*Asks:* 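Here it is: the structure, laid out below.
Note that the structure is predicted; figures quoted are calculated from it, not measured.
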Amino acid sequence: MTVVRLDEVTRVHGQVHALKGVSLEVSSGELVAVMGPSGSGKSTLLNLAGGLDRPTSGSVTIEGTDLAGVKDLAALRRGSVGYVFQDLNLIPSLTAAENVMLPRELDGVRSRQAREEALAVLASVGVDHMADRFPEELSGGQRQRVAIARALVGERRLVLADEPTGALDTASGDEILRLLRERCDEGAAVLLVTHEPRYAGWADRVVFLRDGEIADSTAVPLESAR
């Protein structure tokens, strides 16, 4: 089942053509890595796939819903899309647990249940003991894990990750990729931007962007980092 589909998508910022007619599908249970040089359109692709931005032309659908017709994209994202931002975007005035709880509470989940879910996913990324600390009290790697926990909490069918291992050492990065792979194997679709071939090795397919276009796409051999 296709979870997210981009069909002939373009995105123009002023005179800059960030994406030029990109078409891409990611299915349930599939982890797709996006690679390419800086300025190739990787982050723009993620923003469009998750409804954080709208295409100049073309269409984006999530589980069959064309985002062009969705008025409340924020509600759709909270329920269907988990996003690990490159700059993390944790709220400084909220604890780690509260940051992870927030999207669930905004969707009407009671605080007690939201906290239980948050603690469970924080435990899965190894920082449940930091649940009641504020972002400024955490290391860069710990903040990265909290941001990933926020993206994984709930029943999101699409996880978008923009360099999720950027602040982590190799062993910790492998743990995070293992978590994303497990979420994939449970039926989610994962779209991962990375510069590291090691982490692309966890994917089912690697898409290479260059100058806003898909230059190549290749399946990952079974003898990968997994």
*Asks:* With a 4.5 Å cut-off on side-chain heavy-atom distances among I, L, V, M, F, W and Y, is there a chain of contacts connecting Val84 to Leu76?
*Replies:*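 No, because Val84 and Leu76 fall into different hydrophobic clusters, even though each may have its own neighbours under 4.5 Å.
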*Asks:* Mark yes or no for whether Arg77, through its side chain, and Gly51, through its backbone, hold a donor-acceptor pair below 3.5 Å.
*Replies:*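 Side chain of Arg77 to backbone of Gly51: a pair is present.
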*Asks:* Could you state the interatomic distance from CD (Glu155) to CG (Asp107), rounded to the nearest 0.5 Å?
*Replies:*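 One finds 12.0 Å between CD of Glu155 and CG of Asp107.
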*Asks:* Is the shortest heavy-atom distance from the side chain of Ile176 to the side chain of Gln144 under 4.5 Å?
*Replies:*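 A side-chain contact under 4.5 Å is absent here.
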*Asks:* Give a yes or no on whether the backbone of Arg110 and the side-chain of Gln113 come within a donor-acceptor separation of less than 3.5 Å.
*Replies:*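 A pair under 3.5 Å: no.
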*Asks:* When rounded to the nearest 0.5 angstrom, what distance separates OH in Tyr199 from CD in Glu163?
*Replies:*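 If I round to the nearest 0.5 Å, the distance is 10.5 Å.
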*Asks:* Does the Asn99 side chain pair with the main chain of Ile91, one donor and one acceptor, at a distance under 3.5 Å?
*Replies:*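 Present.
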*Asks:* Carefully, step by step, assess Arg178 and Glu175 under the rule salt bridge (charged side-chain N to carboxylate O under 4.0 Å, His left out).
*Replies:* CA-CA 5 Å; Arg178 189 172 293 109; Glu175 290 178 22; 6.0 Å; no
*Asks:* Should Leu152 and Leu192 be counted in the same cluster of Ile, Leu, Val, Met, Phe, Trp and Tyr side chains packed under 4.5 Å apart?
*Replies:*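 Yes, because Leu152 and Leu192 connect within a single hydrophobic cluster, where side-chain heavy atoms sit under 4.5 Å apart.
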*Asks:* CG of Asp66 to CZ of Arg5: how many Å apart, nearest 0.5 Å?
*Replies:*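 Between atom CG of Asp66 and atom CZ of Arg5 there are 10.5 Å.
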*Asks:* Hey, does the side chain of Thr44 reach the backbone of Ala18 with a donor-acceptor pair shorter than 3.5 angstrom?
*Replies:*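 No.
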*Asks:* I'd like to know if the side chain of Ser28 reaches the main chain of Gly187, judged simply by a donor and an acceptor atom lying under 3.5 Å from each other, with no hydrogens or angles considered.
*Replies:*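 Yes, because the side chain of Ser28 sits within donor-acceptor range (under 3.5 Å) of the backbone of Gly187.
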*Asks:* Could you tell me which non-hydrogen atom of Arg11 sits nearest to which non-hydrogen atom of Asp53, and how far apart they are?
*Replies:*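 Shortest heavy-atom contact: NE-OD2, 2.8 Å.
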*Asks:* Report the C-alpha distance between Asn47 and Tyr83 in whole Å, list the side-chain angles of each, state the deciding distance to 0.1 Å, and finish with yes or no for side chain to side chain donor-acceptor pair (under 3.5 Å).
*Replies:* CA-CA 9 Å; Asn47 288 342; Tyr83 204 121; 2.7 Å; yes
*Asks:* Yes or no on side chain to side chain contact (heavy atoms under 4.5 Å, CB included) for Gln142 and Glu137, after CA distance, side-chain angles and deciding distance?
*Replies:* CA-CA 9 Å; Gln142 290 166 343; Glu137 299 174 307; over 6 Å; no
*Asks:* Does the pair Arg181 and Asp174 meet the rule for a salt bridge (charged side-chain N to carboxylate O under 4.0 Å, His left out), with working shown?
*Replies:* CA-CA 10 Å; Arg181 182 74 250 176; Asp174 285 351; over 6 Å; no
*Asks:* Shortest non-hydrogen contact from Pro55 to Val9?
*Replies:*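 Residues Pro55 and Val9, closest heavy atoms: CB-CG1, 3.8 Å.
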*Asks:* State whether a side-chain donor-acceptor pair under 3.5 Å links Thr10 with Ser57.
*Replies:*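 Judged by distance alone, the side chains do pair up.
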*Asks:* Is the shortest side-chain heavy-atom distance between Glu105 and Ser111 below 4.5 Å?
*Replies:*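 SC-SC contact between Glu105 and Ser111 confirmed.
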*Asks:* Any side-chain heavy atom of Val146 sitting closer than 4.5 Å to one from Pro135?
*Replies:*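 They are not in contact (no side-chain heavy atoms under 4.5 Å apart), so the answer is no.
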*Asks:* CD/Glu213 to OG/Ser40 distance, rounded to the nearest 0.5 angstrom?
*Replies:*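 One finds 11.5 Å between CD of Glu213 and OG of Ser40.
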*Asks:* If you measure from CZ on Arg133 to CZ on Arg143, what distance do you get to the nearest 0.5 Å?
*Replies:*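 Answer rounded to 0.5 Å: 13.0 Å.
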*Asks:* Give a yes or no on whether Phe85 and Leu45 share a hydrophobic cluster (residues Ile, Leu, Val, Met, Phe, Trp, Tyr; joining criterion: side-chain heavy atoms under 4.5 Å apart).
*Replies:*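 Yes: a chain of side-chain contacts under 4.5 Å links Phe85 to Leu45.
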*Asks:* Which pair of heavy atoms, one from Arg150 and one from Arg156, lies closest together, and at what distance?
*Replies:*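 Smallest heavy-atom distance, with atoms named: O-NH1, 2.6 Å.
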*Asks:* Would Arg205 and Leu24 count as a side chain to side chain contact (heavy atoms under 4.5 Å, CB included) here? Give the steps.
*Replies:* CA-CA 11 Å; Arg205 180 161 42 107; Leu24 177 66; 3.6 Å; yes
*Asks:* Side chains of Val34 and Leu46: does their closest heavy-atom pair fall under 4.5 Å?
*Replies:*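 Not touching, per the 4.5 Å side-chain cut-off.
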*Asks:* At their closest point, which heavy atom of Val121 faces which heavy atom of Val100, and how far apart are they?
*Replies:*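 Looking at all heavy atoms of both residues, the shortest contact is CG1-CG1, 3.7 Å.
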*Asks:* Is Asp7 close to Ser59 at the side-chain level, that is, under 4.5 Å between some pair of heavy atoms?
*Replies:*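 Ser59 vs Asp7: side chains touch.
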*Asks:* Just wondering, more than 12 heavy atoms not from Glu186 lying within 6.0 Å of its CD?
*Replies:*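 More than 12 within 6.0 Å, yes.
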*Asks:* With rounding to the nearest 0.5 Å, note down the distance linking OG in Ser43 to CG in Leu160.
*Replies:*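 Result: 11.0 Å between the selected atoms.
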*Asks:* So which heavy atom on Val127 is nearest to which on Arg145, and how close?
*Replies:*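 Scanning both residues completely, I find the closest heavy atoms to be CG1-CD, 3.6 Å.
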*Asks:* In terms of hydrophobic clustering (I, L, V, M, F, W, Y; side-chain heavy atoms under 4.5 Å; direct or indirect links), are Ile214 and Val26 co-clustered?
*Replies:*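 Per the 4.5 Å side-chain linkage, Ile214 and Val26 are co-clustered.
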*Asks:* Lys42 side chain to Pro37 main-chain N or O, any donor-acceptor pair under 3.5 Å?
*Replies:*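 Yes; judged by distance alone, with no hydrogens or angles, the pair exists.
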*Asks:* Which heavy-atom pair separates Leu119 from Asp128 by the least distance, and what is that distance?
*Replies:*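 Between these two residues, the closest heavy atoms are O-CB, 4.0 Å.
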*Asks:* For the side chain of Ser23 and the backbone of Glu8, is there at least one donor-acceptor N/O pair under 3.5 Å apart?
*Replies:*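 Checked: pair present.
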*Asks:* What about Val159 and Val193, same hydrophobic cluster or not, with Ile/Leu/Val/Met/Phe/Trp/Tyr joined at side-chain heavy-atom distances under 4.5 Å?
*Replies:*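 No, because Val159 and Val193 fall into different hydrophobic clusters, even though each may have its own neighbours under 4.5 Å.
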